[in-house]
J.: 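The following block contains the structure, expressed as C-alpha cells.
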Amino acid sequence: LLVLIVIFIAVVILTLNSMSAAKNAASGGKRDVLPIVFKMLITHFQISTLAPAATGNMPSVLDTFFSGQGAVSSISPNFSFIACVVAPSFFETFMITVLAAPALYLVFAIFTAGHVFWARQKGQNTGQDAIYAEELSRFHRELFGQDEDDFDDQTESLDGVLNPNSHKMATSEQAMEVLFAPSASTAEAQDDLKKEANERLHPLVAKRKPFIAEWAEELAVSFVVILFLVYPTVLQMCGTMLQCETLDYGDSSRSVLIADRSIDCGSDAYKSYRFLAIVLVLVYGLGVPLTSVGAVKFIQKTTMGGDRKGAMLLFFFTTGGFKGSRWYWESIVLLRKATMVVSITLFEDVKMKSYFAMWAIAFFFVLNVVAEPYEDEMLSRLERASLLTITITFNLTLLFEFFPESTDPEIFYIIAISMLVINVLALIVFAQGLYIAGFNKLQQLAQLHPGMFGWLNELAQPSVESMQEETQSKRNEL
C-alpha cells in the first residue's frame, strides 16, 4: 500500500510542478529547470539499470548499484502485500503490471476532476487560463516598464480582465482598452502596441473555458507523466515474457520461460500471453513517443484554439528545456528508452545484447550532439554527460565477456572499478545540476513570496556581492 501511495504522490507532484513551471515561464520569470533536471536523472537511471542484463558476468556490487537506480526511477509494482491472498503466478504479475497504467489513469481522471472543480469553486485559474493570466500580467509590465507599486495602482481595472471569479475573461478588445488607453502618446504608437499584443496574446478566450476543457488539460498532463514513469517498466516486463530457453534432459528437451521455468513456452496459455506481449511492445514502444507529441497537438487544437506556445507551456514536463524548434525531443528520449529495453530483452545471446545496446546508445549520443535540442547550456551538459556515461558503461559490459573473473581477475576488477567510478562521477554531475536548479528555485520562491521565503535572499547575497566584485574587476581590466 505504501508503494501505491508513493506512486500517487510522485505523479501529483510532477504534474503540479509542470503546470507551476509553465505559469512561471508565462509570467516572464526565469524558467524553472529543477523538474527538467529531475526528469533527466530519472531517464539516466532507467537506462543505466539495464546494464546488468547486457552481461552475465557483472560483479554483485555493480549489479546492486544499477538495480537500485532502477528501483527509484520506475513504477515497478510490488504486490507482495496481497500475495498471501491471490498468490500471483508470473502470468498474473505480468497482467497486474500491464494494467497498472490504466488503473492509474482512472484514479487520476477522478483526482484531476476533483482538483479542477475545487479550483473553480475557489476562483482559481487552471491550465491555459492560468497561463494566459500570467502572460497578460507580464506583458503589461514589459510594455510599460512599471514596477510592482505602479502595477498595483491598476489592480481594480485589471481585476476586470484577470479575475476568474465571475467565470469570465475579457475579450481582446476590452483588454486593450484597459491596458493601453492611457499608455501610448500617439495613435501610431498605440497601434503598434496593440499589434504586438495581438500577436503575443491571441487567442485570449472570451470567457473561461468550460469544466470539461480545463479537466482535459490537467488530465492530459497527468497522462503524459504516468506514461513517462510506467513506460520502461511495461516494456521490460513484455520483453521478459518473450525470453525462453531450452532445457536439455538428455533424451528430451523443453522450452521454458527464463523468468519462471515452471511455465512451458510451448503451452497454449503462454502463446496467448506472448502474443499480448508482442502487441504491447509495439503499442508502447511506438505509441508512447507519438503520444508525447500527440497530446500537445490535441490540446492545442481542442482547448487552446490553435495556440501551440500555450500547449507547449502546459506540457512543460515534456517540452520544457528544449529549443522551440526541438519541442518534440522528449519523443526521441522515449524512443531511446524503448530501443535500449528491446535490445536487452529480445536478444538471447549475451554478446549480441551488448553489441546492439552500445551501438544504439552511441547513435542517440551522436544524434543529441548534432541536434543540440536543449536551450540551456547546463541541461545540454547534463544530457551529454549522461549519454557518454551510458555509452562507456555498455562498452565495458562487453569486456566482461572477454575477461571473466575466473581467468583474468586483474583486468576484470579494473573494468568493474572503472565502470563504478564513471557512473559515480555522473551522479556527482547530476547532483551539481540539482543544486544549481534547486538554488534558483529557492530564489524564485523568495521573490514570489517574500514574507515566507524572503530570508533565502540573505543566503544568496554573498554570492551576488562576489559576482558584482568580479564584474567590476573585469570592467577595470577592459
J.: Please tell me if the side chains of Ile414 and Phe403 come closer than 4.5 Å, counting only heavy atoms from C-beta onward.
T.: no
J.: Strictly under 6.0 Å, is that where the ring centroids of Phe108 and Phe111 end up?
T.: yes
J.: Between Thr291 and Tyr284, is any pair of side-chain heavy atoms under 4.5 Å apart?
T.: no
J.: Please confirm whether Lys351 makes a cation-pi placement over Phe402, using NZ or CZ under 6.0 Å from the six-membered ring centre and within 45° of the ring normal.
T.: yes
J.: Arg336 and Thr339: side-chain contact (heavy atoms from CB on, under 4.5 Å), yes or no, with the steps?
T.: CA-CA 5 Å; Arg336 181 204 310 163; Thr339 303; 5.8 Å; no
J.: Testing the basics here: between Val37 and Met378, what is the closest heavy-atom pair and its distance to 0.1 Å?
T.: CG2-CE, 3.8 Å
J.: Would Met237 and Thr93 count as a side-chain contact (heavy atoms from CB on, under 4.5 Å) here? Give the steps.
T.: CA-CA 9 Å; Met237 179 61 75; Thr93 302; 4.3 Å; yes
J.: Answer yes or no: is there a donor N or O on one side and an acceptor on the other, between the side chain of Trp329 and the main chain of Glu372, under 3.5 Å?
T.: no
J.: Calculate, to the nearest 0.5 Å, the distance between atoms SG and CG belonging to Cys265 and Asp260 respectively.
T.: 10.0 Å
J.: With distance as the sole test, does Thr49 use its side chain to make a donor-acceptor pair with the main-chain N or O of Phe45 at under 3.5 Å?
T.: no
J.: When you compare the side chain of Asn440 with that of Leu34, does any pair of heavy atoms fall below 4.5 Å?
T.: no
J.: Distance check, rounded to the nearest 0.5 Å: Leu99 atom CG versus Phe94 atom CZ?
T.: 9.0 Å
J.: Decide yes or no for Ile344 and Gln236: does some side-chain heavy atom of the first lie under 4.5 Å from some side-chain heavy atom of the second?
T.: no
J.: Taking the basic N atoms (NZ, or NE/NH1/NH2) and the acidic carboxylate oxygens, is any pair closer than 4.0 Å for Arg326 and Glu375?
T.: no
J.: At what distance, to the nearest 0.5 angstrom, does CD of Glu330 lie from OG of Ser292?
T.: 6.5 Å
J.: Report the C-alpha separation of Glu405 and Tyr413 in whole Å, then their side-chain angles, then the decisive distance to 0.1 Å, and conclude whether the side-chain contact (heavy atoms from CB on, under 4.5 Å) test is met.
T.: CA-CA 8 Å; Glu405 183 180 12; Tyr413 284 110; 2.2 Å; yes
J.: Using the side-chain contact (heavy atoms from CB on, under 4.5 Å) rule, pick out the option among Leu235, Ile47, Val288 that qualifies with Lys337.
T.: Ile47
J.: Check whether any side-chain heavy atom of Leu62 lies under 4.5 Å from a side-chain heavy atom of Phe400, and answer yes or no.
T.: yes
J.: Within the structure provided, determine whether Phe365 and Val369 are in side-chain contact (heavy-atom separation under 4.5 Å).
T.: yes
J.: Minimum heavy-atom separation for Thr112 and Ser222, please, with both atom names.
T.: CG2-OG, 3.6 Å
J.: Show your reasoning for whether side-chain contact (heavy atoms from CB on, under 4.5 Å) applies to Met241 and Tyr270.
T.: CA-CA 9 Å; Met241 180 61 74; Tyr270 171 76; 3.9 Å; yes
J.: Show the nearest heavy-atom pair for residues Leu396 and Ile415, with the distance to one decimal.
T.: O-CG2, 3.8 Å
J.: Side chains of Leu379 and Phe322: closer than 4.5 Å at any heavy-atom pair?
T.: no
J.: May I ask you to decide if Thr391's main-chain N or O and Asn395's side chain share a donor-acceptor pair within less than 3.5 Å?
T.: yes
J.: With a 4.5 Å heavy-atom cut-off, do Asn368 and Pro373 have their side chains touching?
T.: yes
J.: If you compare all heavy atoms of Ser354 against all heavy atoms of Ala54, which two are closest, and at what distance to 0.1 Å?
T.: OG-O, 2.6 Å
J.: Please give me the minimum heavy-atom distance between Tyr374 and Lys323, naming the atom from each residue.
T.: O-CE, 3.4 Å
J.: Strictly distance-based, threshold 3.5 Å: is any side-chain N or O of Thr55 a donor or acceptor partner for the main-chain N or O of Ala51?
T.: no
J.: Compare every heavy atom of Gln243 with every heavy atom of Leu257, then report the nearest pair and how far apart it is.
T.: CD1-O, 3.2 Å
J.: Do Glu383 and Lys39 meet the salt-bridge criterion of a basic N to acidic O distance under 4.0 Å?
T.: no
J.: By the side chain to side chain donor-acceptor pair (under 3.5 Å) test, which pairs, at least two apart or in different chains, include something from residues 423-438?
T.: Thr393-Asn423
J.: For the atom pair CZ (Phe412) and CE (Met58), what is the distance rounded to the nearest 0.5 Å?
T.: 8.5 Å
J.: Please tabulate, for side-chain N and O atoms in residues 293-302, each donor-acceptor pair with protein atoms closer than 3.5 Å (sequence neighbours left out).
T.:
{"from": "Gln300", "atom 1": "NE2", "to": "Gly306", "atom 2": "O", "distance (Å)": "3.3"}
{"from": "Thr302", "atom 1": "OG1", "to": "Phe298", "atom 2": "O", "distance (Å)": "2.6"}

J.: Give a yes or no answer on whether the side chain of Thr246 reaches the backbone of Ser255 with a donor-acceptor pair at less than 3.5 Å.
T.: no
J.: Using a cut-off of 6.0 Å, state whether more than 12 heavy atoms not belonging to Phe91 lie near its atom CZ.
T.: yes
J.: Hey, could you give me the OH/CD1 distance between Tyr273 and Ile278, rounded to the nearest 0.5 Å?
T.: 15.5 Å
J.: Measure the spacing between CZ of Phe38 and CG of Leu434 and express it to the nearest 0.5 Å.
T.: 8.5 Å
J.: Answer yes or no: is there a donor N or O on one side and an acceptor on the other, between the side chain of Thr397 and the main chain of Phe394, under 3.5 Å?
T.: yes
